[in-house]
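Working notes for the structure below.
We use all heavy atoms of the structure for the numbers below, so side chains are in, but hydrogens, waters and symmetry mates are not.
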Amino acid sequence: MNAASASPTGDRSAALPILAVVAGIATFSAMDAVIKGASLAVGVYMALLLRNGFAAILTFPLWLRAGRPKPSRAAFRVHVQRAVITSAMATLFFYGLVRIPMAEGIAISFVAPIIALYFAALLLGETIRRRAVLASLLGVVGVLVIGAGRFGSGAYSDEAIAGTTAILLSAVLYAINLVLQRKQALLAGPVEIAQFQNLLTALIFLGVSPWFAAVPDKPSLLLILAGAVLATMALLFLSWGYARAEAQVLLPIEYTGFLWAALLGWLMFGERLDLPTVAGAILIVIGCWIGARNAKVESQSPRRAPLT
């Protein structure tokens with residue numbers, strides 16, 4: 001070991017990207033919690049409309065500072081496609097999250113990267129290997145374990161079943177989103193993506209406002225604004241971290257989102273973590289690990305793209 005590799009400065013610089021990603025996942029989980037709180041108060045639609053509107057305003061100075069990058073025709077087409085997908089994905093996710101505990105919802109959503117392996121094969125022509133099949137089986141078993149814990153305790157109401165179904169459907173849409181994200185990253189930079197993603201998603205929600213709009217009270221409005229700020233902070237933390245360390249080192253940190261969700265669910269909503277949820281989450285994460293060994297490492301979150 002030479003002096004340079006052993007220096008405290010080198011250790012600190014190597015640790016900073018990891019700490020940045022930990023902070024990014026924590027702030028993303030906090031965003032989930034506050035938007036869940038706002039959704040319980042004013043409904044999922046208004047919470048997401050205002051969150052994306054606020055986020056578009058918050059990212060606008062970053063877009064100006066980046067030189068006002070404008071999308072090409074091909075990039076704009078992908079921006080629109082992804083905005084449509086993420087609008088439905090976020091609606092389903094938070095519809096489910098207000099009906100089941102946060103840790104449970106996050107654990108179920110972890111199946112998205114496994115599903116993405118199949119969409120990558122369908123849309124990008126990638127080969128499905130045996131490991132992908134094993135990963136899928138573990139993911140399915142993990143979801144079943146979580147569900148069995150609920151059914152076994154008699155805690156599954158119609159609302160909880162609807163919430164679980166919504167999050168599973170959201171995971172399918174997120175898997176498509178991951179594939180589109182790969183395509184989008186080849187056509188546009190992160191600031192352009194964040195700005196147009198937020199703006200287009202807000203416009204999509206605004207388009208159906210005559211049917212779903214409501215006037216939020218001041219506490220709900222502050223929660224939604226806090227959600228937009230937290231999502232913007234998460235984008236900055238994650239972008240900074242992934243630009244400075246290998247994705248294969250950072251990607252496992254994404255699964256700390258389950259721990260943050262469990263903590264915040266307990267603190268904010270009094271949700272308790274049960275053994276089947278932990279066991280199911282472990283199986284799903286193992287499946288994601290196995291599936292990830294098939295593919296080239298990507299600098300993307302296995303949970304949700306920032307600011308969607």
* To do: With sequence neighbours excluded, tell me which residues meet side chain to side chain contact (heavy atoms under 4.5 Å, CB included) with Leu283.
  =>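 Expected list: Leu138, Val141, Val145.
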Less than 3.5 Å apart, which donor and acceptor atoms pair up between the side chains of residues 33-44 and the rest of the protein, not counting sequence neighbours?
residue: Lys36; atom: NZ; partner: Leu97; partner atom: O; Å: 2.9
residue: Lys36; atom: NZ; partner: Ile100; partner atom: O; Å: 3.2
residue: Lys36; atom: NZ; partner: Glu271; partner atom: OE2; Å: 2.4
residue: Ser39; atom: OG; partner: Ile35; partner atom: O; Å: 2.7

* Quick one: CD on Glu104 to OG1 on Thr164, what's the gap to the nearest 0.5 Å? ->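 Separation between the atoms: 5.5 Å.
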Just so I know, are the side chains of [X] and [Y] near enough to count as touching, which here means a heavy-atom distance under 4.5 Å?
X	Y	value
Trp240	Leu16	yes
Phe258	Thr277	yes
Ile25	Val21	yes
Met89	Thr86	yes
Met102	Met268	no
Phe94	Asp32	yes
Leu221	Leu50	yes
Phe93	Leu48	no

Minimum heavy-atom distance between [X] and [Y], given as atom pair plus value:
X	Y	answer
Ala66	Val191	CB-CG1, 3.9 Å
Gly241	Pro17	O-CB, 3.7 Å
Ala202	Gly53	CB-N, 3.9 Å
Ala171	Val111	CB-CG2, 3.8 Å
Ser87	Thr201	OG-CG2, 3.4 Å

* For Gln197 and Thr59, what are the C-alpha separation, side-chain angles and deciding distance, and is it a side-chain contact (heavy atoms from CB on, under 4.5 Å)? -> CA-CA 10 Å; Gln197 196 73 42; Thr59 53; over 6 Å; no
* To do: May I ask you to decide if the ring planes of His79 and Phe196 are parallel, tilted or perpendicular, using 30° and 60° as cut-offs?
  =>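 His79 vs Phe196 ring planes: parallel.
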* To do: Determine whether more than 12 heavy atoms belonging to other residues, nucleotides or ligands lie under 6.0 Å from atom CH2 of Trp63.
  =>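 Yes.
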* For Ile282 and Val278, run side-chain contact (heavy atoms from CB on, under 4.5 Å): C-alpha distance rounded to whole Å, both residues' side-chain angles, the deciding distance at 0.1 Å, then the answer. => CA-CA 6 Å; Ile282 291 172; Val278 175; 4.0 Å; yes
* Asked: For Thr91, what residues pass the side-chain hydrogen bond (donor to acceptor under 3.5 Å, both in side chains) criterion, not counting sequence neighbours?
  -> none
